[in-house]
Amino acid sequence: MTDTTAASRRNFLGFLAGSPLLMAAGLDRHVLKDLTGSNARRTAAALTEAQKAMQDASLISKASQALNVFDFEPVAKKNVPVAHWAYMATGTDDDATIKANREGFDRWSLKPRRLVDVSKIDASVTLYGHKYPTPIVINPVGSQKAFHPEGELAVARAAKAKNHLQVLSTVATTSIEDIIAARGGTAWFQLYHQTDWALTKQMVQRAEKAGAAAVVFTVDLNGGSNRETMIRGARADTRTCTNCHAGGAPIPGMQGVSDRDNRRKPNLVGYRDDPPIPEVGTPTWEFIDRLKQTVTTMKVMVKGIVTQEDAELAVARGVDGLFVSNHGGRAENSLRATITSLPEVIAGTQGRITVVCDGGFRRGTDVFKAMALGANSAGIGRPYIWGLGAFGQEGVEMVLQLLRKEFELVMKQMGTVNIAAIDRRYITPRV
Ligand SMILES: Cc1cc2nc3c(=O)[nH]c(=O)nc-3n(C[C@H](O)[C@H](O)[C@H](O)COP(=O)(O)O)c2cc1C
């Protein structure tokens, strides 16, 4: 090393040692001292520590810098108000089912086959007559303008750019008509029933008229859920919630929701004032019969099924598809991963109806495991909300692109050239 190089290196290390970023990253003061010390070995070790600390502390500044979907989470957290963040991040009780969903994937190992020609693979799936390039579905998430001013519209544009299926929530901040226009193709409409059947019926028929291909009836919140993280986040937020939420957010089965309360929930407003037909209790399988027989010709799916018994009942009732879902750990704190529930649901459906599995999907390997266990598709919730909160449409597009890239990579590594080729032989319980 020349004198000049050594001097500029010392200067640089001195600058690094004084950097507030390193202090903020919590780097030990001995490490800071070693950076400018004369012991080459200790300086090198300190530099490695400093680099690690700076990487940990840094956030991506562009969607294109993301290496995986997790890179969007801290950026979105920085951008999104604390109450809205907590609404997204919350599970129930102590949030343990969110963790369980992720851990479920670790209980399966992959069994790659070698020497298969994987120069060309096809990851596409066909769902109710529509072809998509991957099995990754954009799941319904309510109130997306809480995360970015363009909310569900940005997601619809990303879905169009990457050709993904989008499922719109009843409590979306964008109407089903606007979503289908922005997507430039069909979407699915997720249904939270209303306590007035006359209103529920109008909502479903409106979605059908708008061009939705399926109604996804969510059944996992009928007893309510205890979302403590959400409440703590709302308490920590200093803004005045009632500026936006006049009478509180509408929840499934809420009584007497007025248009004023719902001015940010366009799928819940603008209906005829038909004579009310109050529900006598929370929905049962009879509700599905009513939907299928008297309301809609759309495909009727049920979201929130996690047992073989319910899967068998659904098939017997003529349900067209299921979402194996625990609402992303936001329903009951079951501690049971959806990927663990999937095999018994598949045992109940036996390939007769479409099955989407969601909950904790963050990696291409997660999607592969669900396909191997018999799902037709894998739904994502929070990852694309992280992308949305971080960089709007561009962030959502990058989340979809990264998951697709990872999934196609694992398909190739496993020697599976198309979705039909992926089955139980490619995974095994982890020992
Ligand atoms: C903030 C948030 C809002 C959600 N809103 C709805 C909704 O309106 N309707 C619904 O059926 N599911 C809703 N879900 C559940 C998702 O559709 C999906 O089941 C879940 O997010 C998947 O788990 P993941 O977030 O770990 O990917 C919501 C999830 C989150 C995180």
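Numbering of ligands and ligand atoms starts at 1, following listing order.
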Starting from [atom], locate the nearest protein heavy atom and write down its residue, its atom name and how far away it is, to 0.1 Å.
atom	value
atom 1 (C) of ligand 1	R330 NH2, 3.4 Å
atom 19 (O) of ligand 1	D358 OD1, 2.8 Å
atom 15 (C) of ligand 1	H327 CD2, 3.5 Å
atom 5 (N) of ligand 1	G142 N, 3.1 Å
atom 12 (N) of ligand 1	K303 NZ, 2.9 Å

Examine distances only and state if a side-chain atom of T338 and a backbone atom of D358 form a donor-acceptor pair shorter than 3.5 Å.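 Present.
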Quick check against the 3.5 Å criterion: does D196 have a side-chain atom that pairs as donor or acceptor with the backbone of I277?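 The answer is yes, because a donor-acceptor pair under 3.5 Å joins these two groups.
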Please determine whether a side-chain nitrogen of the Lys or Arg among [X] and [Y] lies less than 4.0 Å from a carboxylate oxygen of the Asp or Glu.
X	Y	result
K78	E73	no
R206	E177	yes
E344	R336	yes
D274	K201	no

Geometry only, no angles: is G381 polar-contacting ligand 1 at N/O separations under 3.5 Å?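 Right, the criterion is met.
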Does an N or O from Y87, backbone or side chain, lie closer than 3.5 Å to an N or O of ligand 1?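 For ligand 1, there is no N or O atom that lies under 3.5 Å from one belonging to Y87.
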Ligand 1 contacted by [X] (non-hydrogen, < 4.0 Å):
X	value
R102	no
V171	yes
Y192	yes

Heavy-atom pairs closer than 4.0 Å: do any link ligand 1 to the side chain of [X], the backbone, both, or neither?
X	value
R382	both
T218	side chain
P140	both
Q144	neither

Distance under 4.0 Å to a non-hydrogen atom of [X]: what atoms of ligand 1 satisfy this?
X	value
M88	1 (C), 31 (C)
S169	7 (C), 8 (O)
G360	23 (O), 24 (P), 26 (O), 27 (O)

Take Q401 and K162 through the side chain to side chain donor-acceptor pair (under 3.5 Å) test and state the conclusion after the steps. CA-CA 8 Å; Q401 186 172 315; K162 300 290 175 190; 2.8 Å; yes
Give the C-alpha distance, both sets of side-chain angles, the deciding distance and a yes or no for side chain to side chain donor-acceptor pair (under 3.5 Å) between T296 and E208. CA-CA 7 Å; T296 184; E208 181 161 9; 2.7 Å; yes
For W386 together with F147, are the ring centres under 6.0 Å from each other?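 Between F147 and W386, the centre distance exceeds or equals 6.0 Å.
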Quick check: do E394 and K62 have side-chain heavy atoms less than 4.5 Å from each other?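 Of all side-chain heavy-atom pairs linking K62 with E394, none is under 4.5 Å.
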